[in-house]
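A quick write-up on the structure given underneath.
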Amino acid sequence: MDTRKSMFAFLKEAFADGKAEKIYYYGKRLNAQVFLEHVDKTAGFLTSVGIKKGDSVGICLPNIPQAAIVFYAVNKIGAIANVMHPKTGAGSLRDTVIRTDTKALFLFDRFLKKNIGKGESKIPIVYCRLSDYLPSYKKLFRITEPVICKKNIFSYETVLRKNLSAAEVPSDGSEAAVYLHSSGTTGAPKTVVLSSFAFNELAVNVFDTVKDVCEIDDRISVLMILPLFHGFGLGICVHLALWKGRMLALPLFNAKNTVRLMKKEPVNVIPGVPGMFRKLVLEKSFRGEFLKNVKMVFCGGDRLDPEVKRNFENRLRESGCLTPVMEGYGLSEVASVASINTFDPSNGSLGRPISKVRFRIMSSDGKECPPGENGEIYVSSPSVMKGYLDGVESGFVYSDGETWLASGDIGHLDADGCLYYRERIKRIIKIGGVNVFPQEIEEAAVKYPDVRNACAVRIVYAGKPAVKLVVETEGRPDVGFEEGLKNYIGKKLMPYAVPRVIERTDKLRTNAMGKADYRYYEEGRDKS
């Protein structure tokens, strides 16, 4: 498969059957022919408002059909898809638009008024509704407020009605095609610049890695519950799904709605993050014959709690599905997935690298670590980013004719080449000269009664570094809960890892991917 082309050309080549279903959305089915027609109309609109090759176009949408259609329309004309969280605040959105020199913007209509104010804009803005692609009978029940179009603001329906067209801009896939906004390998917010080639390679290499193990073919149905603004969601739930089958879109993850969808339509691939699997396990209706359709379950973004994993797999087995939950490792800087544990999901590793990817573990003095020894994870991948926007240091290391990316993560390889993740370098807490790993504390805490989730962070306590543990609890724990939890962690881990402060909350604050927002809880003030 030739991957040195635009993502649009890559898909179009695979769309031999125009009647093949590509998107399922609340009963609406879009086939390949309609998908390409709508991509062309959207691309035609963009060129009509002056968008050209190399321009940044903002896509600030949830998982609705327009998000995928706009993405490939932008790619078709050689522009750059600047993919953002649909709930980005007005100030942050404005800053991002300015910093990335974005020339046009696609917004979710629910946030149009909040972000635009009086309804006028210096750049073309297209607002998209949940209802734009609903079946006709469902459109009678609009669930969003009407929007009055003013200067430079258009509805998505208007874009399609213009019935414009655009020529495909030739590409070898090497140009900048996507902006992903990441915390970066050093923890600071950064904009990752990726090419079409990177995403095409990701799709091919992931498929080659799992196709035989999971018995998936060219007609797979992929559940699109991961957000478009995340590399995993964009690369797997959208690009790979459309290339090798269809995607089933849900604008917002909800366990009950996910089950309803799976009962209506066969789902073969469930990609998710730990929080999603935790909620599905708690959903009583997540059981039954419909689960026999599942051929691959993949968890990324963070480590999955072993108990949640066991409970999820038991639920599948009860329904006659023997598919294990496979975990993997990845970074936005390599378009997401770098390894998948396809051979022994019970061994606790994140698997071997996918096709064409390699790992190295490097010590702090620049030497390669032997198997079993922890160090920084370095990745060599054809999907590696072009770099960060604005010339921010990339973290690339060049060795033996290869480009290696310093991940900012600590881990090790075993003798079989399996990767074991330990912690983000930036999250390691050094106490008394000893490295304390917050993830270990969190994994121990969630095994204690009444603890649903946990986040361990660094604080200063009586003038010295220490650990604070924020725990999400069920109900009102008994008196002595904090001391009991400290004693429990003390028996499991070293004394330095025992939290000096335990803070309870009914709901742990999480980031866009459902991970505990440790930056929110971390603080340096003296707690004495």
Side-chain angles (χ1 to χ4, degrees), residues 2-7 54 80 100 171-206 208-209 231-232 234-235 328-340 350-414 417-426 428:
D2 181 13
T3 55
R4 295 193 177 277
K5 57 183 65 174
S6 70
M7 285 177 278
I80 301 169
T100 55
S171 171
D172 65 0
S174 64
E175 302 97 343
V178 179
Y179 289 160
L180 289 181
H181 304 284
S182 163
S183 61
T185 58
T186 61
K190 295 179 180 179
T191 297
V192 177
V193 183
L194 290 154
S195 65
S196 287
F197 173 73
F199 279 100
N200 293 342
E201 279 287 310
L202 176 74
V204 170
N205 295 333
V206 168
D208 285 348
T209 301
F232 191 16
L234 182 58
Y329 174 78
L331 300 159
S332 297
E333 287 81 358
V334 293
S336 69
V337 184
S339 74
I340 305 175
L350 299 180
R352 298 189 184 104
I354 64 172
S355 178
K356 299 184 184 179
V357 173
R358 292 209 296 143
F359 292 134
R360 276 182 179 175
I361 308 297
M362 305 299 290
S363 65
S364 57
D365 58 3
K367 296 179 180 179
E368 189 165 358
C369 298
E373 184 177 308
N374 284 314
E376 184 172 5
I377 302 167
Y378 278 66
V379 186
S380 173
S381 168
S383 293
V384 73
M385 66 178 176
K386 296 180 72 64
Y388 294 116
L389 195 63
D390 301 327
V392 177
E393 179 61 37
S394 65
F396 291 147
V397 172
Y398 303 96
S399 173
D400 301 326
E402 289 187 79
T403 300
W404 293 85
L405 176 73
S407 70
D409 292 329
I410 295 293
H412 71 268
L413 296 172
D414 65 16
C418 298
L419 179 69
Y420 292 78
Y421 171 82
R422 191 73 183 272
E423 190 65 80
R424 289 287 293 169
I425 291 176
K426 287 292 181 179
I428 293 173

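Scope of the values below: all heavy atoms of this structure, side chains included, with no hydrogens, waters or symmetry mates. Just so we're clear, the structure is a prediction, and the values are computed from it rather than from any experiment. Along the sequence shown, residues carry numbers from 1.
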Of all heavy-atom pairs linking Ser399 and Trp404, the shortest is O-NE1, 3.9 Å
When rounded to the nearest 0.5 Å, the distance separating CG of Asp409 from CD1 of Ile361 is 9.5 Å
Residue set satisfying salt bridge (charged side-chain N to carboxylate O under 4.0 Å, His left out) with Glu175, at least two apart, ordered chain then number -> Lys53
Salt bridge (Lys or Arg N to Asp or Glu O under 4.0 Å) pairs touching residues 192-203, sequence neighbours excluded, are Glu201-Lys356
For Leu194 and Ala335, the nearest pair of non-hydrogen atoms, with its separation, is CD2-N, 4.0 Å
Applying side-chain contact (heavy atoms from CB on, under 4.5 Å) to Leu350 and not counting sequence neighbours gives Arg303, Glu327, Tyr329, Ser339, Tyr421
Sorted by chain and number, sequence neighbours left out, side-chain contact (heavy atoms from CB on, under 4.5 Å) with Lys386 holds for Ala176, Val193, Ser195
So, does Ser407 use its side chain to make a donor-acceptor pair with the main chain of Ile377 at under 3.5 Å? yes
Sequence neighbours excluded, the answer for side chain to side chain donor-acceptor pair (under 3.5 Å) partners of Asp172 is Ser174
The side-chain contact (heavy atoms from CB on, under 4.5 Å) partners of Thr403 (sequence neighbours excluded) come to Phe396, Tyr398
*asked:* Measuring only between side-chain heavy atoms, which start at C-beta, is Val206 closer than 4.5 Å to Ile340?
replied: yes
CG (Asn205) and OG1 (Thr3) are apart, to the nearest 0.5 Å, by 8.0 Å
Heavy-atom nearest pair, Glu333 first then Leu405, reads CB-CD2, 3.3 Å
Sorted by chain and number, sequence neighbours left out, side chain to side chain donor-acceptor pair (under 3.5 Å) with Asp390 holds for none
Applying side chain to side chain donor-acceptor pair (under 3.5 Å) to Arg358 and not counting sequence neighbours gives Glu402
The reported gap from CZ in Phe197 to OG in Ser383 (rounded to nearest 0.5 angstrom) is 7.5 Å
Arg422 meets the side-chain contact (heavy atoms from CB on, under 4.5 Å) criterion, sequence neighbours left out, with Asn374, Ile410, Phe437, Glu440
CG (Leu413) and CZ (Arg352) are apart, to the nearest 0.5 Å, by 11.0 Å
CG (Leu202) and CZ (Phe232) are apart, to the nearest 0.5 Å, by 9.5 Å
Heavy-atom check, side chain of Met362 versus side chain of Lys367, under 4.5 Å: no
Sorted by chain and residue number, the side chain to side chain donor-acceptor pair (under 3.5 Å) partners of Thr209 (sequence neighbours excluded) come out as none
Between Gly408 and Glu376 the two heavy atoms that sit nearest each other are N-OE2, 2.9 Å
*Answer yes or no: does atom CZ of Arg360 have more than 12 heavy-atom neighbours from other residues, nucleotides or ligands under 6.0 Å?*
yes
Exercise. Are side-chain heavy atoms of Leu234 and Met7 found at a separation under 4.5 Å?
Worked result: no
For Tyr420, the ring pair (Phe, Tyr, Trp, His ring centres under 6.0 Å) test, sequence neighbours excluded, returns His412
